[in-house]
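Notes follow once the structure below has been shown.
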Protein chains: 2
Amino acid sequence: MTATQLGRVQLLIMQVLWENGRTTARQITDSINEIEPIAHSTVQTLLRGLEEKGAVDHEAEGRTFVFFPLVEEANFKQSATRDLVKRVFGGKAGSLVSHLLKNEKVSAKEIDEIRKLIDQQSKKKK
Amino acid sequence: MTATQLGRVQLLIMQVLWENGRTTARQITDSINEIEPIAHSTVQTLLRGLEEKGAVDHEAEGRTFVFFPLVEEANFKQSATRDLVKRVFGGKAGSLVSHLLKNEKVSAKEIDEIRKLIDQQSKKKK
DNA sequence: GCCTATCGTTTAGTTAACTAAATCTAACAA
DNA sequence: TTGTTAGATTTAGTTAACTAAACGATAGGC
């Protein structure tokens, strides 16, 4: 599962699942409808697709299905990021980091966090 | 042009164009064939698509077309990155930076570069 | 017992990226 | 001048994501 093969809406569904753990299709529909309109049957069809590709699974509870993620969020982030790095930044993660720091807003708090991380990296290299 | 709507192979084509400037379809095909097999007619069809969406344009030189990019690489990187940040990292660029530093290989040289960048950022905040 | 709201399933249609063969055209070589 | 080559264009087919109406079944309310 290379994860990048998730579409935009499928990713929205996964995010609801990652956040809530076990979730019904109806709950997912409601969640997404807070952001943008979507028909319940659409969500169900997409869940089917996600299940086929092994990203989620379900159990029956009474007559309704409770869905849960099989793919971990961390793994997904990893492969989505690697895909971008490979395709757009010539495989150099550092190049993406530079791009982000130069062109995107990063809060002072996040900067501190980042400073700590690179200090750790430097130590490791010794 | 939100750029993320470029497919994988279309992006390969754009990269050849960004690197070489004015380029014929044949040169692009040859370039891509160094990486993976692709038919010339496929490249031509994709160029057509790119032209329709305003990413490239061409001029006739004799009987052959010379293509050139209309979209700038920097802009593309920007929107591809923003898309990832938005879709996968909850809109927080810093969160992606952290992820990269924690999980991806970044060379010592790149780390130095990054350190300089965050020093600049810190100064700006004062 | 019957209605209706809510399940999951089936069916069907759109769009975009990709693929490449087939075809038409013009140049160039022999 | 005739045939091969190398252009561009046309045509056509696949796959994946998305969309949602329509349908059949069932649980719960009245």
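Predicted, not measured: the structure shown is a model, and the values here were computed from it. Here is the naming used below: chain letters follow the sequence lines, and residue numbers restart at 1 for every chain.
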Determine, using ring centers only, whether Phe89(B) and His99(B) are less than 6.0 Å apart. yes
Could you write nucleotides 5-14 of chain C as a row of B, S and -, 5' to 3', where a protein heavy atom under 4.0 Å of any base atom gives B, of only sugar-phosphate atoms gives S, and otherwise -? -BSBB-----
Could you pull out all residues at least two apart from Glu61(B) that satisfy side-chain contact (heavy atoms from CB on, under 4.5 Å)? Arg22(B), Val66(B)
Is the phosphate of dA20(C) approached by Thr42(B) (side-chain N or O, under 4.0 Å from OP1 or OP2)? yes
If you count every heavy atom of other residues, nucleotides or ligands that lies below 6.0 Å from Lys92(B) atom NZ, does the total exceed 12? no
For atom CD of Gln5(A) and atom P of dA17(C), their distance in whole Å: 18 Å
In the structure I gave you, are the side-chain heavy atoms of Phe65(A) and Gln44(A) within less than 4.5 Å of one another anywhere? no
Figure out the CD/C1' separation between Glu51(B) and dA8(D), and round it to whole Å. 12 Å
What is the distance, to the nearest angstrom, from the CD1 atom on Ile38(B) to the P atom on dA17(C)? 14 Å
Measure CD1/Ile28(A) against P/dT19(D) and give the value in whole Å, please. 15 Å
Rounded to whole Å, please give me the gap between CD in Glu52(A) and P in dA16(D). 10 Å
Output the rounded distance in Å from CE (Met14(A)) to P (dA17(D)). 13 Å
Cationic N near anionic O, under 4.0 Å, Lys105(A) to Glu110(A): no
Reckon Lys53(B) has a side-chain N or O less than 4.0 Å from the OP1 or OP2 of dA17(C)? yes
Length of the CG-C1' vector between Leu50(A) and dA17(D), whole Å: 11 Å
Sequence neighbours left out, what passes salt bridge (charged side-chain N to carboxylate O under 4.0 Å, His left out) with Glu104(A)? Give chain and number order. Arg82(B)
Could you tell me how far apart Ile13(A) (CD1) and dC18(D) (P) are, to the nearest whole angstrom? 8 Å
